Colleague: 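There's a structure below that I have some questions on.
Model, not experiment: these values are computed from the prediction.
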Amino acid sequence: MHSSNTDSLPRWWGQPWRFRTGLVVVLVVSASLMVWNLAKGGDASFYEASARSMSESWHAMLFGAFDPAGTVTLDKLSGFAVPQALSIRLFGMSTSALALPQVLEGLVTVWCCSVIGLRWAGPGTGLIAAAAAATTPIFVSMFAHPMEDGLVTMALTVALLFFQRALLTARWWPLLVAALFVGVGFQAKMMQAWFILPAFVIGCLLWMQGGWLRRLWRSAVVSATAVATSLVWVLVLQLTPADDRPYIDGSTNNNAFAMVFGYNGVDRLLPHAVPGAVGGSGAHALAAPVLFASPSDLSAAGASLTKLIDPLYVTQVGWLYPIAIAAIVFGLIYWWPRRAATPSASFAMLGVVTVWLITATAVLSVAHTPHTAYVAAIGTQLAMLAAVGWKQAVRLLRAPSRRTRLAVCAVLLVQGVWSVFLAIEGALPPVLAVPMAAVCGACCVALAATGWRSRSRPSIAAPRHERVRATAVPLLAAALILSGPTAFSLQVVDPARSGSGGDAYVGIKPTGTETNPPSFRPSLPQLWGGSATLSPQVADLVKAAREAGGGVNGAPDFVTDSWALAAQVIDATGDSVLTDGGYSGTVPVFTEPQLEQMIASGAAHVLAVKQHAPTTDPVEEIVQNSTCTRLGTFATGIAVAGPKSGSVVLWDCG
């Protein structure tokens with residue numbers, strides 16, 4: 001299983017030209033799909049504002065601040081926004097600059113899948129793994145938009161690559177690098193990065209070289225290293241004096257651990273389990289990006305537990321289910337250790353990827369899913385298993401037993417039928433669905449005809465038509481497996497079907513009320529550009545605030561109790577806007593005495609208060625208890641105080 005000579009590891013530059021060329025084609029196609037509408041899909045404004053703020057100030061970047069002045073953080077760790085902020089610093093503020101880092105993360109993910117497949121079962125497997133990742137619909141949309149899911153997906157795929165290297169070489173350092181990348185993933189999506197840890201622990205215990213004590217030690221080291229690197233940023237936030245850092249959103253006591261493990265973790269399963277976390281129920285909880293569902297969300301357990309076969313999600317990530325399941329079965333039969341003292345590296349990888357898939361599937365099945373990109377947590381595993389399934393299917397189609405060959409043909413037929421079914425469920429436009437169905441049907445017929453005859457691997461001396469047929473079998477199987485997700489992903493050339501930073505989604509999202517989905521309208525590539533702009537109403541508000549002295553001498557344009565209003569101004573201008581309440585509207589970023597002190601010192605005196613704000617709102621309290629001049633009411637068009645109100649009142653309290 002193991003080799004201490006790392007030079008023996010397969011590398012792409014040592015493979016035949018046809019495989020290297022194929023990988024280049026896959027990467028080019030992947031990049032083309034991701035950047036086709038790069039200038040069209042911005043982030044959710046809350047996170048876009050943070051990236052803009054972090055690009056304006058190194059202090060804001062260090063602490064993951066929402067605003068340029070660094071008064072409050074995001075309601076999650078903001079490692080995902082660091083590449084976005086650096087891109088804005090380099091290229092200037094634009095939608096494309098925000099999204100470009102995710103495109104690079106997507107290409108790294110596809111590349112890593114190819115290397116893992118190459119070292120698992122050969123260059124063909126590596127090529128299919130790359131193609132499967134490149135055409136997974138949720139990947140195509142997610143990596144084209146500025147979202148936190150892109151970095152965690154890339155980080156865990158890189159972690160799997162180095163864990164595989166540790167299995168193959170029995171070296172320590174790849175194991176530590178794998179744990180380090182789990183920590184990188186944690187900075188992007190917190191506890192979701194730990195989905196892979198059970199697989200690594202089991203992999204160390206069962207399939208690493210050496211005795212039980214050595215395996216236990218490696219398991220402990222990889223776990224401890226992953227957890228330690230995950231918590232570095234949390235500790236930096238927590239140990240920095242409160243006066244020197246932003247207030248921690250998602251917590252009521254300015255506590256980073258409450259935000260990470262309460263608001264974004266345990267409290268979503270057991271509300272109020274972590275002291276100091278913003279409550280796990282209420283309207284804001286349903287809107288916030290969370291990991292776990294609350295008990296009320298699980299009341300309809302049947303619907304939740306079948307989530308990953310719901311049309312809403314299965315069309316985004318589930319095209320490879322049949323071949324992935326077959327891969328696990330085929331792999332167990334082919335690689336199951338019999339006489340060997342140590343299982344093969346191939347069997348070990350099958351176990352690690354399967355455990356990771358099961359863990360992620362189990363959590364997602366009971367998780368509240370605020371946006372579709374959450375299901376990307378099983379994308380890499382399915383791509384890898386599909387490639388292994390392809391490899392095993394091609395091998396078994398050459399088996400001497402006709403029964404075996406026909407059984408494999410039946411599996412591939414199920415895969416083809418499943419693809420056609422998902423095309424129907426996902427309302428795939430006929431211009432894409434008909435060719436896809438034709439490819440599936442033709443491949444099924446050709447493979448069935450091949451499987452009917454005895455088909456051992458032909459020798460060089462075999463007739464030319466036999467050699468051609470043997471070469472065609474892998475291509476036919478690949479076309480059958482990949483035609484469905486490829487056709488579905490091609491929808492992203494239509495801007496209306498490419499998803500958004502708020503909800504990555506390929507196609508037309510079902511609402512339950514649609515009759516005829518909009519027609520498929522491809523557009524010319526929109527590679528670069530896109531800028532956030534102020535709505536006319538908000539532009540009028542900002543103008544009035546500046547005329548009243550807001551934004552003078554480094555002061556914020558205004559102080560508000562609406563992050564939605566602040567986010568639009570920060571996105572479009574990069575100006576400082578101070579915001580109380582955080583994402584949920586309930587976080588005590590400022591107290592009334594603090595606001596009074598800011599007004600008295602001249603640090604800020606223009607306030608924008610949500611109309612009908614509660615009397616406990618500190619910004620509203622200042623207006624009520626101070627001598628302030630009403631500058632006007634502005635219908636911003638933003639849901640700043642609830643679904644029926646989008647107006648704010650501007651006050652000058654100086």
Side-chain angles (χ1 to χ4, degrees), residues 46-47 50 54 60-66 70-82 147-149 151-153 155-156 159 179-198 223-242 245-281 284-285 287-294 359-360 363-364 367-371 373-374 377 563 582-584 586-589:
F46 184 61
Y47 303 113
S50 179
M54 291 164 67
M61 182 179 292
L62 174 61
F63 295 108
F66 167 72
T71 58
V72 63
T73 70
L74 288 180
D75 63 342
K76 56 166 53 65
L77 294 180
S78 54
F80 69 92
V82 171
M147 306 184 74
E148 63 269 27
D149 305 82
L151 181 57
V152 70
T153 300
L156 296 189
L180 174 64
F181 273 96
V182 173
V184 172
F186 191 91
Q187 312 316 315
K189 204 74 187 291
M190 294 167 294
M191 293 175 69
Q192 183 174 314
W194 289 355
F195 288 1
I196 202 171
L197 281 183
S223 302
T225 304
V227 172
T229 54
S230 295
L231 297 182
V232 167
W233 202 353
V234 182
L235 289 170
V236 168
L237 288 172
Q238 190 60 34
L239 296 178
T240 302
R245 60 164 169 81
Y247 190 95
I248 307 298
D249 196 3
S251 74
T252 58
N253 60 355
N254 205 5
N255 187 289
F257 286 93
M259 179 263 282
V260 172
F261 296 104
Y263 178 73
N264 287 291
V266 178
D267 272 27
R268 302 304 173 175
L269 188 62
L270 301 171
H272 312 296
V274 177
V278 171
S281 60
H284 68 274
V290 300
L291 176 60
F292 294 112
S294 66
T359 303
V363 177
L364 288 175
H368 176 55
T369 310
H371 56 71
Y374 271 55
W563 70 258
Y583 188 88
S584 65
T586 61
V587 174
V589 178

Colleague: How many angstroms lie between CG in Asn255 and CD1 in Ile248, if you round to the nearest 0.5 Å?
Modeller: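 The CG atom of Asn255 sits 8.0 Å away from the CD1 atom of Ile248.
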
Colleague: Under the rule for side-chain contact (heavy atoms from CB on, under 4.5 Å), what residues qualify as partners of Thr225, not counting sequence neighbours?
Modeller: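 Scan of Thr225 (side-chain contact (heavy atoms from CB on, under 4.5 Å), adjacent residues dropped) gives Leu176, Ala179, Val221, Thr229.
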
Colleague: Using 0.5 Å steps for rounding, measure from the OG atom of Ser78 to the CE atom of Met61.
Modeller: 9.5 Å

Colleague: What's the spacing between Leu237 CG and Met259 CE if we round to 0.5 Å?
Modeller: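 Output value for this atom pair is 6.5 Å.
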
Colleague: Got a donor-acceptor contact below 3.5 angstrom from the Gln187 side chain to the Phe80 backbone?
Modeller: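 The answer is no, because no donor-acceptor pair under 3.5 Å joins these two groups.
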
Colleague: Where is the tightest heavy-atom contact between Asn253 and Ala258, given as atom of each residue plus distance?
Modeller: OD1-CB, 4.1 Å

Colleague: If the condition is side chain to side chain donor-acceptor pair (under 3.5 Å), which residues does Asp149 pass it with, not counting sequence neighbours?
Modeller: Lys189

Colleague: Main chain of Ala65, side chain of Ser50: is a donor-acceptor contact present, judged purely on distance under 3.5 Å?
Modeller: yes

Colleague: For residues Asn254 and Arg245, determine if any side-chain heavy atom of one lies less than 4.5 Å from a side-chain heavy atom of the other.
Modeller: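 Yes. Closest side-chain heavy atoms under 4.5 Å.
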
Colleague: When you measure from the side chain of Trp233 to the backbone of Leu62, do you find a donor-acceptor pair of N or O atoms at a distance under 3.5 Å?
Modeller: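 The answer is yes, because a donor-acceptor pair under 3.5 Å joins these two groups.
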
Colleague: Determine the minimum heavy-atom distance between Val589 and Thr71, stating which atoms define it.
Modeller: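 In this case the closest contact between Val589 and Thr71 is CG1-O, 3.8 Å.
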
Colleague: Checking Phe186 now: which residues fulfil ring pair (Phe, Tyr, Trp, His ring centres under 6.0 Å) with it, not counting sequence neighbours?
Modeller: Trp194

Colleague: Would you call the rings of Phe261 and Phe257 parallel, tilted or perpendicular if under 30° counts as parallel and over 60° as perpendicular?
Modeller: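 Geometry flag for Phe257 against Phe261: parallel rings.
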
Colleague: Give a yes or no answer on whether the side chain of Ser251 reaches the backbone of Ala277 with a donor-acceptor pair at less than 3.5 Å.
Modeller: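 No, because the side chain of Ser251 does not come within donor-acceptor range (under 3.5 Å) of the backbone of Ala277.
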
Colleague: Mind listing the closest non-hydrogen atom pair of Met147 and Ala373 along with its distance?
Modeller: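 For Met147 versus Ala373, the nearest heavy atoms are CE-CB, 3.7 Å.
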
Colleague: For a side-chain contact (heavy atoms from CB on, under 4.5 Å) check, start with the C-alpha distance between Val82 and Met54, then their side-chain angles and the critical distance, and finish with the verdict.
Modeller: CA-CA 7 Å; Val82 171; Met54 291 164 67; 3.7 Å; yes

Colleague: Can you tell if the side chain of Val72 reaches within under 4.5 Å of the side chain of Trp563, non-hydrogen atoms only?
Modeller: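 No, side chains not in contact.
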
Colleague: Check Pro246 against Phe63 and note the closest heavy-atom contact, atom names and distance.
Modeller: CD-CB, 3.4 Å

Colleague: If you look at every heavy atom in Glu148 and Lys76, which pair is closest and at what distance?
Modeller: OE2-CE, 3.8 Å

Colleague: Measure across Leu156 and Ile196 and return the closest heavy-atom pair with its distance rounded to 0.1 Å.
Modeller: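 Result for this residue pair: O-CD1, 3.8 Å.
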
Colleague: Tell me whether Asp249 contacts the main-chain N or O of Tyr583 through its side chain, where contact means a donor paired with an acceptor under 3.5 Å.
Modeller: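 Flag set: sc Asp249 to bb Tyr583 pair under 3.5 Å.
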
Colleague: Could you tell me if the side chain of Val234 sits less than 4.5 Å from the side chain of Leu77, heavy atoms only?
Modeller: yes

